[in-house]
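Working notes for the structure below.
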Protein chains: 2
Amino acid sequence: MRTQPAVECSIQRTLDLIGDRWTLLILRDLFRGVRRFSRIQEDLGIAKNLLTDRLGTLVDAGIVEKVPYQERPVRHEYRLTEKGRALSPSLLALMRWGDRYVSGGLAPTELVHDECDTRLELQPWCTTCNVPVAPTDISSRPGPGRHIGTEDTRV
Amino acid sequence: MRTQPAVECSIQRTLDLIGDRWTLLILRDLFRGVRRFSRIQEDLGIAKNLLTDRLGTLVDAGIVEKVPYQERPVRHEYRLTEKGRALSPSLLALMRWGDRYVSGGLAPTELVHDECDTRLELQPWCTTCNVPVAPTDISSRPGPGRHIGTEDTRV
DNA sequence: AGGAGTCAGTTTCGATTTTCAACCAACCGC
DNA sequence: GCGGTTGGTTGAAAATCGAAACTGACTCCT
């Protein structure tokens with residue numbers, strides 16, 4: 001995995017952890033309830049050694065835990081921890097984008113607002129102004145940490 | 001890139017397009033206002049041939065467009081299209097997760113609302129009612145597409 | 001006009017990763 | 001004992017990546 005000296009950005013840190021070609025798909029399967037090694041392997045078509053490796057990384061990172069679901073023979077399944085479940089907005093956001101821009105508007109599964117029964121979007125939301133914020137009204141700036149660059153950061 | 005017969009899932013389709021080790025970081029740079037080939041290259045430390053390749057893929061996919069910012073010599077920069085800008089919730093979600101679970105609650109870089117200069121959160125948003133929706137007011141249902149699996153999909 | 005510099009790449013080639021297939025071990029049911 | 005399932009490991013071939021050298025169009029400087 002890439003190593004960068006003192007990475008300043010949470011996106012980069014996140015992607016260093018789960019941003020390879022398979023990991024987010026593995027997590028998607030876990031969200032969908034596909035939790036066993038062999039089921040994930042056949043569902044994704046991933047090579048077994050890679051699946052072993054990726055699951056190990058996820059377990060080490062505390063995103064997934066390996067829990068026995070039977071004794072004799074001991075068999076394990078992989079379950080999302082709270083940390084892993086917290087990735088659901090990320091996966092949802094990727095799904096919604098794919099629904100709209102790659103799958104041609106078709107949504108295999110959708111989340112709906114109870115009251116009006118229409119589909120939900122994920123929106124950046126300003127808790128101060130209490131309004132949704134368009135990408136063009138977003139800037140990035142250094143947080144409590146150090147500053148990175150000084151150029152125009154508007155989209 | 002991986003090819004699967006008739007992929008049913010928008011997450012997979014999305015990741016097939018932008019789910020490699022560099023593309024989301026390139027997009028992050030574009031969101032941050034780093035738009036020139038050489039600036040992206042030095043910022044990420046990506047090999048130039050790979051950057052050429054990834055930017056080409058993004059342009060082909062209509063996520064990014066190559067626009068000249070000067071003549072003589074012709075120089076281009078890469079700008080997000082509307083399709084590309086629509087990925088902001090995904091990147092924001094990944095960033096917020098990283099802030100909390102990888103960066104130890106600290107946000108090295110934060111996205112702020114231009115108008116009021118405060119940090120943004122991601123909220124499920126109902127476009128019909130025009131309100132943010134709490135998790136308790138959300139249901140899921142199969143969309144217009146086909147169903148994928150029938151097992152327990154609870155986390 | 002000559003020389004140095006910048007930007008955006010392309011080419012080359014060795015190193016790393018991924019894939020594919022075979023093998024393995026523990027256990028089960030028959 | 002025999003075949004089957006689960007959850008892996010091992011090793012070789014193929015694909016991908018990374019670092020550095022090179023290119024070409026054009027600047028600016030003198």
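The chains referred to below are lettered A, B, ... by the order of the sequence lines, with proteins before strands, and numbering in each begins at 1.
Taking for each of B:His76 and A:Ala47 the nucleotide of DNA chain C with the nearest heavy atom, the 5'-most of the two is the partner of B:His76.
Rounded to an integer number of Å, the gap from B:Lys48 NZ to D:dA20 P is 12 Å. Rounded to whole angstrom, the span from the CG atom of A:Leu51 across to the P atom of D:dG7 amounts to 10 Å. The CD1-C1' distance, from A:Ile46 to C:dT18, rounds to 10 Å in whole Å. The CD atom of A:Gln70 sits 15 Å away from the P atom of D:dT5 (whole-angstrom rounding). A:Lys66 places its NZ atom 9 Å from the P atom of D:dG7, with the value rounded to the nearest Å. Per the geometry, CG belonging to A:Asn49 stands 14 Å off P belonging to D:dA12, to the nearest Å. Computed from coordinates, the B:Asp20 CG to C:dT17 C1' distance equals 14 Å when rounded to whole Å. Note: CZ (A:Arg36) to C1' (D:dG8) measures 16 Å, nearest angstrom.
The side chain of A:Arg54 contributes no N or O atom lying less than 4.0 Å from OP1 or OP2 of C:dT17. Put simply, B:Arg35 has no side-chain N or O that comes within less than 4.0 Å of OP1 or OP2 on C:dA8. The side chain of A:Trp22 contributes no N or O atom lying less than 4.0 Å from OP1 or OP2 of C:dT17.
No side-chain heavy atom of B:Leu15 sits under 4.5 Å from any side-chain heavy atom of A:Trp22.
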A:Arg96 vs A:Asp99, salt bridge (charged side-chain N to carboxylate O under 4.0 Å, His left out): CA-CA, chis, key distance, verdict: CA-CA 5 Å; A:Arg96 307 298 298 114; A:Asp99 287 344; 2.5 Å; yes
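Here the side chain of B:Arg75 is nearest to one of C:dG9, D:dA25, D:dG18, namely D:dA25. Here the nucleotide nearest the side chain of A:Tyr78, chosen from D:dG18, D:dG8, C:dT19, is D:dG8. Listed nucleotides C:dG9, D:dG8, C:dA8 differ in distance to B:Ser38; the shortest reach to its side chain belongs to C:dA8.
Exactly one residue among A:Arg75, A:His76, A:Arg36, A:Glu77 makes a side-chain hydrogen bond (donor to acceptor under 3.5 Å, both in side chains) with A:Tyr69. That residue is A:Arg36.
At least one donor-acceptor pair under 3.5 Å links the side chain of A:Thr14 to the backbone N or O of B:Leu94.
Counting all heavy atoms, side chain and backbone alike, A:His113 lies closest to B:Cys126 at ND1-SG, 3.3 Å.
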